Undergrad: 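Here it is, the structure in full.
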Amino acid sequence: MAPDLPLGAHRVAMDGDADLSPTGLARMIAELIQRLQLREVALVGNDTGGALCQILCANHPELVDRLVLTNCDAFERFPPTAFRPVYRVGPRIPGSMVAVDRVLRSRVLRRAALAAVPVTMRPLPDDLLASWFAPLGDRGVRADLRSVLQGISPEYTLAAAERLKTFDRPALIAWGTRDRFFPVGDAERLARALPRARLEMIDNARTFVQIDQPQRLADLIAA
């Protein structure tokens, strides 16, 4: 099950009073688990979603039986160091989200943006990129993304890391070793913070390890 979280690629804008802070987003995942009455939940998080999974397990550990974290925000890196100016300044500039939408409508500029922010070993298919960015044409979706970006802060991941020390469920840290934004050191820290964690390194993979090495990741999760 892949929840369509309001992180900018969602197709239906949230209500204006929705809590889009990191704790609010984690609470949405918790509510999904509760409303669907899911049991024996294996929660898998990547990138920003990995931070939200950490917050969820810190605040609602009873909802999760197993946790899998791939390359993701953690500790002081929420957002990653390279993106801090964008997160802090960009959303506060009037019209910035409209400008981002217009830039990402161009195939050439989409390719250039992903070349500057390499999250995979090989270029992603343009039709996939276009599908991710298309919802930004909606004003409500842009407003949601702005709120999310403004709310991201390492205070949430640092607080979660402290509480994860008591998370007594099995955890898998499966980390791509070629990531330019989330270093292997963070994976090692997560493995130390989680009492029942197992650390697995995945070669020839960057941030989106699920795209670079899908079979290797799937085998680790299944095991």
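Predicted model, so just to flag it, every value in this text is computed and none were measured.
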Undergrad: Can you tell me how far apart CZ (R189) and CZ (R77) are? Round to the nearest 0.5 Å.
TA: 8.0 Å
Undergrad: Indicate yes or no: at least one non-hydrogen side-chain atom of R198 is less than 4.5 angstrom from one of L220.
TA: yes
Undergrad: Would you compute the distance between atom CE of M121 and atom CZ of R206 and round it to the nearest 0.5 angstrom?
TA: 5.0 Å
Undergrad: Can you tell me if D138 uses its side chain to pair, donor with acceptor, with the backbone of G140 under 3.5 Å?
TA: yes
Undergrad: Taking the side chain as every heavy atom from C-beta outward, state whether L5 and H10 have any pair of such atoms under 4.5 Å apart.
TA: no
Undergrad: Test the R110-F133 pair against the cation-pi criterion, namely NZ or CZ under 6.0 angstrom from the six-membered ring centroid and within 45° of the ring axis.
TA: no
Undergrad: Quick one: which of I29, I33, L32, L36 gives a side-chain contact (heavy atoms from CB on, under 4.5 Å) with V41?
TA: I33
Undergrad: Is the count of non-hydrogen atoms from other residues, nucleotides or ligands lying under 6.0 Å from E40 atom CD greater than 12?
TA: no
Undergrad: Can you tell me how far apart CD (E155) and CD1 (I152) are? Round to the nearest 0.5 Å.
TA: 12.0 Å
Undergrad: Is the side chain of D65 donor-acceptor paired with the backbone N or O of A42 at a distance under 3.5 Å, no angle test?
TA: no
Undergrad: With the side chain counted from C-beta on, respond yes when F75 and L190 share a heavy-atom pair under 4.5 Å apart, and no when they do not.
TA: yes
Undergrad: Before giving the answer on side-chain contact (heavy atoms from CB on, under 4.5 Å), spell out for V44 and L217 the whole-Å C-alpha distance, their side-chain angles and the decisive distance to 0.1 Å.
TA: CA-CA 11 Å; V44 183; L217 179 61; 5.8 Å; no
Undergrad: With side chains defined as the heavy atoms from C-beta onward, is the minimum distance between N204 and D212 less than 4.5 Å?
TA: no
Undergrad: Under 4.5 Å between any side-chain heavy atoms of E31 and R27, yes or no?
TA: no
Undergrad: In Å, rounded to the nearest 0.5 Å, how long is the span from CZ of R111 to CG of L129?
TA: 5.5 Å
Undergrad: Is there a side-chain contact between F208 and T70, using heavy atoms and a 4.5 Å cut-off?
TA: no
Undergrad: Mind listing the closest non-hydrogen atom pair of L136 and L104 along with its distance?
TA: CD1-CD1, 4.1 Å
Undergrad: With rounding to the nearest 0.5 angstrom, report the CD to SG distance, Q54 to C72.
TA: 5.0 Å
Undergrad: Can you list the steps and then say if D144 with L20 is a side-chain contact (heavy atoms from CB on, under 4.5 Å)?
TA: CA-CA 7 Å; D144 291 343; L20 298 180; 3.7 Å; yes
Undergrad: Output, in order, the C-alpha distance, side-chain angles, deciding distance and verdict of side-chain contact (heavy atoms from CB on, under 4.5 Å) for F78 and L158.
TA: CA-CA 9 Å; F78 189 40; L158 288 168; over 6 Å; no
Undergrad: Under 3.5 Å, side chain of R196 to main-chain N/O of A171, donor-acceptor pair present?
TA: no
Undergrad: Please check this pair: side chain of S106 against backbone of R102, looking for a donor-acceptor N/O pair closer than 3.5 Å.
TA: no
Undergrad: Should L7 and L43 be regarded as members of a common hydrophobic cluster, given that ILVMFWY residues are connected when their side-chain heavy atoms come within less than 4.5 Å of each other, either directly or indirectly?
TA: yes
Undergrad: Decide yes or no for F167 and R169: does some side-chain heavy atom of the first lie under 4.5 Å from some side-chain heavy atom of the second?
TA: yes
Undergrad: Check L194 against I173 and note the closest heavy-atom contact, atom names and distance.
TA: CD1-CD1, 3.9 Å
Undergrad: For a quick test of reading the model, state the closest non-hydrogen atom pair linking A187 to W175 and the distance between them.
TA: CB-CD2, 3.3 Å
Undergrad: Hey, quick one: are I221 and M1 part of the same hydrophobic cluster, counting side-chain heavy atoms closer than 4.5 Å, chains of contacts allowed?
TA: no
Undergrad: Any side-chain donor-acceptor pair under 3.5 Å between R163 and N59?
TA: yes
Undergrad: Measure across Q34 and L63 and return the closest heavy-atom pair with its distance rounded to 0.1 Å.
TA: CG-CD2, 3.9 Å
Undergrad: Specify the closest pair of heavy atoms between A74 and D186, including all atoms of both residues, with the distance to one decimal.
TA: O-OD2, 4.3 Å
Undergrad: Backbone N or O of F181 within a donor-acceptor pair of the D179 side chain at under 3.5 Å?
TA: yes
Undergrad: What's the separation between atom OG1 in T177 and atom CD in E200, rounded to the nearest 0.5 Å?
TA: 12.5 Å
Undergrad: Answer yes if L69 and M201 sit in the same cluster of Ile, Leu, Val, Met, Phe, Trp and Tyr residues linked by side chain heavy atoms under 4.5 Å apart, and no otherwise.
TA: yes
Undergrad: Evaluate the side-chain contact (heavy atoms from CB on, under 4.5 Å) criterion for residues D73 and D47: first the C-alpha distance (whole Å), next the side-chain angles of each, then the deciding distance (0.1 Å), finally the verdict.
TA: CA-CA 6 Å; D73 300 79; D47 200 14; 3.9 Å; yes
Undergrad: Is it the case that over 12 heavy atoms from other parts of the model lie below 6.0 angstrom from the CZ atom of R180?
TA: no
Undergrad: If you group Ile, Leu, Val, Met, Phe, Trp and Tyr by side-chain heavy-atom gaps below 4.5 Å, do V98 and V141 land in one group?
TA: no
Undergrad: Are any non-hydrogen side-chain atoms of L25 and T48 less than 4.5 angstrom apart?
TA: no
Undergrad: Is there a path of hydrophobic side-chain contacts, each under 4.5 Å between heavy atoms of I, L, V, M, F, W or Y residues, that connects L172 with L52?
TA: no
Undergrad: Looking only at non-hydrogen atoms, find the nearest pair between L199 and A191 and report the distance.
TA: CB-CB, 4.1 Å
